[in-house]
Structures are given as C-alpha cells and as structure tokens.
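Structure first, then comments.
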Amino acid sequence: MREDFLAEAVRRDMSGNPATIPAAACVPDAHGRFGTYGGRYVPETLTRALEELASAYEAARQDAAFQTELSTLLRDYVGRPSPLYHAQRLSAHCGGAQIWLKREDLNHTGSHKINNTLGQTLLTRRMGKMRVIAETGAGQHGVATATACARFGLPCVIYMGAEDIRRQAPNVFSMRLLGAEVRPVASGSRTLRDAINEAMRDWMASVETTHYILGSVVGPHPFPRIVRDFQSVIGRETIQQCRTQLGRLPDLVVACVGGGSNAAGMFFPFVQETDVPLVGVEAGGRGDRPGEHASPLNFGSPGILHGSLSYVMQDADGQTCDVHSVSAGLDYPGVGPEHSYWKDTGRVQYVACRDAAALAAFDLLARCEGILPALESAHAVAHATQLARTRAAHEVIVVCLSGRGDKDAAEIARLRAEAGPSRPNPPELETQP
Amino acid sequence: MSAIDRLFEQCRREQRKALMPFVTAGDPDLAFTQALVRELARQGGDLCELGIPYSDPIADGPVIQASFTRALAQHVRLDDIFHAIAEVAPGVSMPLVTMVSYSIIHRQGLEQYVARAQAAGLAGAIVPDLLVEESGPLRAICRRADFSLIQLVTPTTPRERAIRIAHASTGFVYYVSVTGITGERAALPPQIVDNVAELRSHTTLPICIGFGISQPAHVRMLAPVADGLIVGSAIVRRVAEAAQRPRGDILREVGQYVAELAAALRQAEREATRVR
C-alpha cells in the first residue's frame, strides 16, 4: 500500500502536479516511534506546543492549498527540481562507476535546508505564531530559516555555537543581512549541540507565541517526521530523474549524516526500493577514539539526547561526549531516530569518513567539476569516489550534494595555512575529460 | 509509604508547609554538598532536592546550568554522588530526592538506577524531561520499590492532562510556576494561586510549587495554596561563589537565607491559622 502511495507520488511529480508530502508511512507510529527509537523526552512545558505542531502538520498535510503553496514556493523561489548531474570528469578520475550528483547546492540559499524551513514557516503562519527561533551548526539552516522568515515577514532569532560562528563566518553575515538576530552560544562545546540546548530553553519561555524551526530530523516527536517529510522531495525527485535520465534506478545512493536531514530526505522514498543499497556517511573526524569523531551510528549506543531516543555518543553515566568534525554541520553527538531504526533494520549502511578524506574530496570536486561542495557534503563525495573505484563503469552512484562550499572557503584556507607546506598536493588531473 | 509520604503526612497533621531547597550535587565538590545538606536540614529545610549534573539540561536556566558545568568539570561521577549521599542521608532527618535527567536514568537502566538510588538512601526522583506518556516503565518499577516518582504540571498543561499527571505521580505533584526555565524571578504570575487550587480539587497528593521562587514575599504569596515550596537557583547562585570565598562563609550565608525563607513560611502558616 505504501509502495502504491510512493509510486503515486512519483507519478504526480512526473505529470507536473504539485509534489505531495508523503502520507503516514509505517514509521513513526502515533507516539513518534521508529521501532524503539524516537519518542518525546522533553519538559512538560513543551508538550502542548508539540501536540499543536503535530495536529497543525496533520491538517496541513491533507490540505491541498497548503501543498500547492509549498510546491509553488519550492519551484519558483527555491528553483526546484534541483538537477541530477552526471559528474563525468569525477567519474573518469575515479575510473569506475558513474557518479551523479543531486544538486541541492543549487537551491536558493545554497543547501537542502530551505526545503524544510519553507514548510515549517508555512506551519508557523498556520498556527498563528508570530516569532521564529532556530539553531544552526554550519549556518545553512540558519540562513535558510532567516530567508524563509524574511520572505514571510517573521522576526527570527538564530542560536549558533561560538566555535561555529568563528568557522562559518560568511553564513553569520548572511543571516544578519536577512534581518535575523544571531545569538552566540558560549556554553559547553560551543557547537550545534549547545545551540539546540539554547534554542530549547528559549522555546521553554516563549512557546506560546514562538515556533521553533528545528533544522534536522532530530528532537522530540513530531520534528523527526516533519523534517523528513519536507526533505523527502529530494528522494522523490531523484527517483523520477533517474527514471527519466537513466531509464532505471541507481545502483547505490550516498548521503552525509550529521543529524541526518538530507540523508533522510534522500533515503526515505528509496526505502521501499529494496534493490537500491543506501549508504549514510558520518563524520569520522581525526580518528576512532571518543572525542575524535562525530559518528554515533558507528561508535555510539542508544541513549536520549535532545528529546528523542537514538544512537548517541554518551559516557557510562549518560553525559553527552564531546565530538569532533572539521565540518560544523556534522559536528553533533546524536543522530535522527529514523537513522537508528534504518541502521538496526539493516536498510541503510552507515560508514564514517575522516576529515582528511573529506577535505581531499572537496579539492577533487572543485578541480574535476568546478563545484565547491559544502564540507558536510564532501564526506558523501569522498565515500562515493572510494566506492566508485570498486564498481563497474555501467553502474550508477547517486550522491546527495546537500550544500555548496563557499561558506567553507575561509576555514579551508586557515586549515591549509595551519598544515603548512607538508600538505599533499591537489590531485593530478587530466586536462581533457 | 516512602519518606516523602511520611513527611507530608506529618506536615498536614501539624498544619505546616514544607520548605524544599535544591542544590547541585558536586558543586563545587561532593564534600561541600554534604556539608550544605546538613546545614539546610539545620536551618529548616524539610526535603532536599539534589540536582544530578547533566551535560545538556534543557529545562534549566543559566545559574543551574553553570553549576552542572562546574560539577562536571571536576569529573563528578554518578558512583561518587550515590556514595556521598549514602554517607550524608542517615544523619539528616529530611528526605532526599534527586532531580535527574531521564538521559542518565536510561543510561543506567531503569531498575538499576532505582535500586542504586534507594540503596543510597534517596526517597524518590524528579525527572524533568520524562513526560507522563513515556513514564510507564519507570513508574512501574518505582511503585514496586515504593520509591516516589514526582511528575510535573506546568502552566501550559491543559486541565485534563494535569489531572492525568497528578494521578500518575507519587510523593507529590511538582507544580511549575512559570512558563520557562529555572531561575529567580522578581514577580511570579498571580494565576498560579488559582491554577494550584483547581488542581487540588482533583488530587489528594501534596502539591509543591517550584521555579522562580526566591524571596520571602513569594513564600508568603504561595504558602496558602501549596504544600511545599522549592527554592533552587537562589541557593545555587550563592554556592557559585564558593570558588572565590571561604566555604564556611558560603555555608553560613546559604543557611541564613534558608532560615529567612523558613521564617516567612512559619509566618504565613500562622496567618492561615488565624484566618481559619
């Protein structure tokens, strides 16, 4: 029955009708459970707002006017559908499978985050709330939230870790240009995790007039489901484009996973396509020891963080561990509960990619294809190039290129200066494809 | 019948309200926490809430957050906390409960956490991020162990839900006075009085009010409707100075502050008796 629905969603996309938000799938259940994961572990103060959000979303999902407004915005304001692009020189360089990039970096604001923020901004308006707050790591969600709020005339406050403000300065400037207030968070690890804590605390006091636009498939029910649904346009378009451009589905789909929103959006429509293996790439950081990486699905265990049960990096007492990634968007000790569910059911394989490999993939994509990927997305590119080398030339790997890398240019320059002349040279490339 | 049930039975018999101070375990270290608990008991504390430091508290304001950070910076472990509580509990007459994130309980295992807490002499737990919907498994374990599981009602809780929470709670119901995080407030919303009175018509459990209470005036305002009052940030803020100043001074000041609140509470009780 669900397969029918997905087929129907794809058919409607192909016929040019408004994209639909998927109807309730097998997961989550009414309590927000993906298998044993998910749920709602928050202070009682937030319950009413979460209930209100769940019912507003349920009503919006079934409201044709809402869906038409959203899909029109996605087409005319965001520029969807985003292209599926054959990276021929990159594929030739790897010497194996063909790598195709789902170009979420070409969206307005430069990443997939806008798919979710527009949807949630429409929900904000529908609930009659007059103020928006959000957290951001790399700043992509912050920019996308500030953009959607500017578009609808809503005041917004963005919480961002002080360390992330330093390493993603261009996005901070953009948010302020768009009229958002960026509040630095200096507590804890001064990264995404602390930004979420601070946004939650704001929401505790402002919940009656404010909507919290959570940017990933994390947090208490119904956020993981809502964000996944709004991001699923990525996977639905990809399926349609593969059928049109390749005449078949891909042999492999790869996406990076921090909280996991671009991966959830890409994977969800593919979940029922059981012949297509799905690979999520976590941040492997500097090494496999605790504190050196941000790979809860590879090295963590089930625990509770930010309102839901999922894999998390925790010590024996239940304190959240510090994590590391060169990429601010992946520098997070938890992950969305649906990814934990997909991991345990075996539907998605999760691997980790080190900082150095991601930085090398950044260079490679820049030099081969003239595309600067976000450092987050570079993790997925890195793993895809590795896999491509082991696959036959007729095989197709689709990579979700979740965002553009302009925001990372200054930080990469700094890392290079730090590394000094011992840094390996950029990859040798053919001058002709 | 847990120690908390016995406390409130006694309070009702004596027409008395409970003063319930909160301190963070291990801030700045566990030896100080032990000394503080003894001092609080001497100065009129009826029940002590011990905050278990947690790395990612969502319901807590800057003062309690900072105290968690200080404690965790000293690498305080759950083992050490239980050990320190076990040493201090037999010597004080007031029941001790933990304010603890479900993240920590879940990590230990529910059975294991309750067994260890009880062995340390704790009478119950307040779990601020455990909603009534998710509390079933822990509730069952706590009931079997006669370990109080105190649940929270807030100003945003609809009436029917508040009644459900009260029915699921044991020991007492924690009524959160404000929509927001922990921390001192200059003024408290006046509708608390009516909201608590309304909830009282649906439960026989004691109702204790917390969040924002710091001044004798707050105590006088809320004492008529509450069975107990919880004071946290105002104490933790004073403890925060322990790093820079002699510990004896801090203990004395906190003790004096709690004694003032206790005096305000006694005064409110006397006025209530006169009205009757």
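Proteins get letters first, then strands, A, B, ... in listed order; numbering begins at 1 in each. All figures in this text were calculated on a predicted structure; none of them were measured in a lab.
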Need one label for [X]: side chain, backbone, both or neither, based on atoms under 4.5 Å from any heavy atom in chain B.
X      : result
A:D315 : both
A:I196 : neither
A:S187 : side chain
A:A316 : both

Is it the side chain or the backbone of [X] that comes within 4.5 Å of chain A heavy atoms, both, or neither?
X      : result
B:P57  : both
B:T179 : both
B:Q151 : neither

* Evaluation steps, side-chain hydrogen bond (donor to acceptor under 3.5 Å, both in side chains), between A:Y332 and A:H306 -> CA-CA 11 Å; A:Y332 181 64; A:H306 292 148; 2.8 Å; yes

For chain A, which of [options] has the most heavy-atom pairs under 4.5 Å?
options                       : answer
B:D60, B:V178, B:D79, B:T69   : B:D60
B:I165, B:L72, B:D56          : B:D56
B:V153, B:I181, B:I58, B:V127 : B:I58

* To do: May I ask you to decide whether A:R167 forms a salt bridge with A:D331, counting only side-chain N to carboxylate O separations under 4.0 Å?
  =>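 Result for this pair is yes, salt bridge flagged.
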
* Would a 4.5 Å heavy-atom cut-off, applied to side chains only, mark A:T47 and B:T156 as touching? ->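 They are not in contact (no side-chain heavy atoms under 4.5 Å apart), so the answer is no.
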
* Asked: Should we count NE2 of B:H83 as having more than 12 external heavy atoms under 6.0 Å?
  ->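 12 or below, so no.
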
* Would you tell me whether B:T157 and A:E44 have side-chain atoms, one donor and one acceptor, within less than 3.5 Å of each other? =>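 Note: B:T157 and A:E44 side chains meet the donor-acceptor criterion.
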
* Asked: Looking at the rings of B:F82 and B:Y113, which for Trp means the six-membered one, are their centres under 6.0 Å apart?
  ->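 For B:F82 and B:Y113, the ring centres are under 6.0 Å apart.
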
* To do: Verify the ring-centre separation between B:Y102 and A:Y41: is it less than 6.0 angstrom?
  =>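 Centroid distance A:Y41-B:Y102: below 6.0 Å, so yes.
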
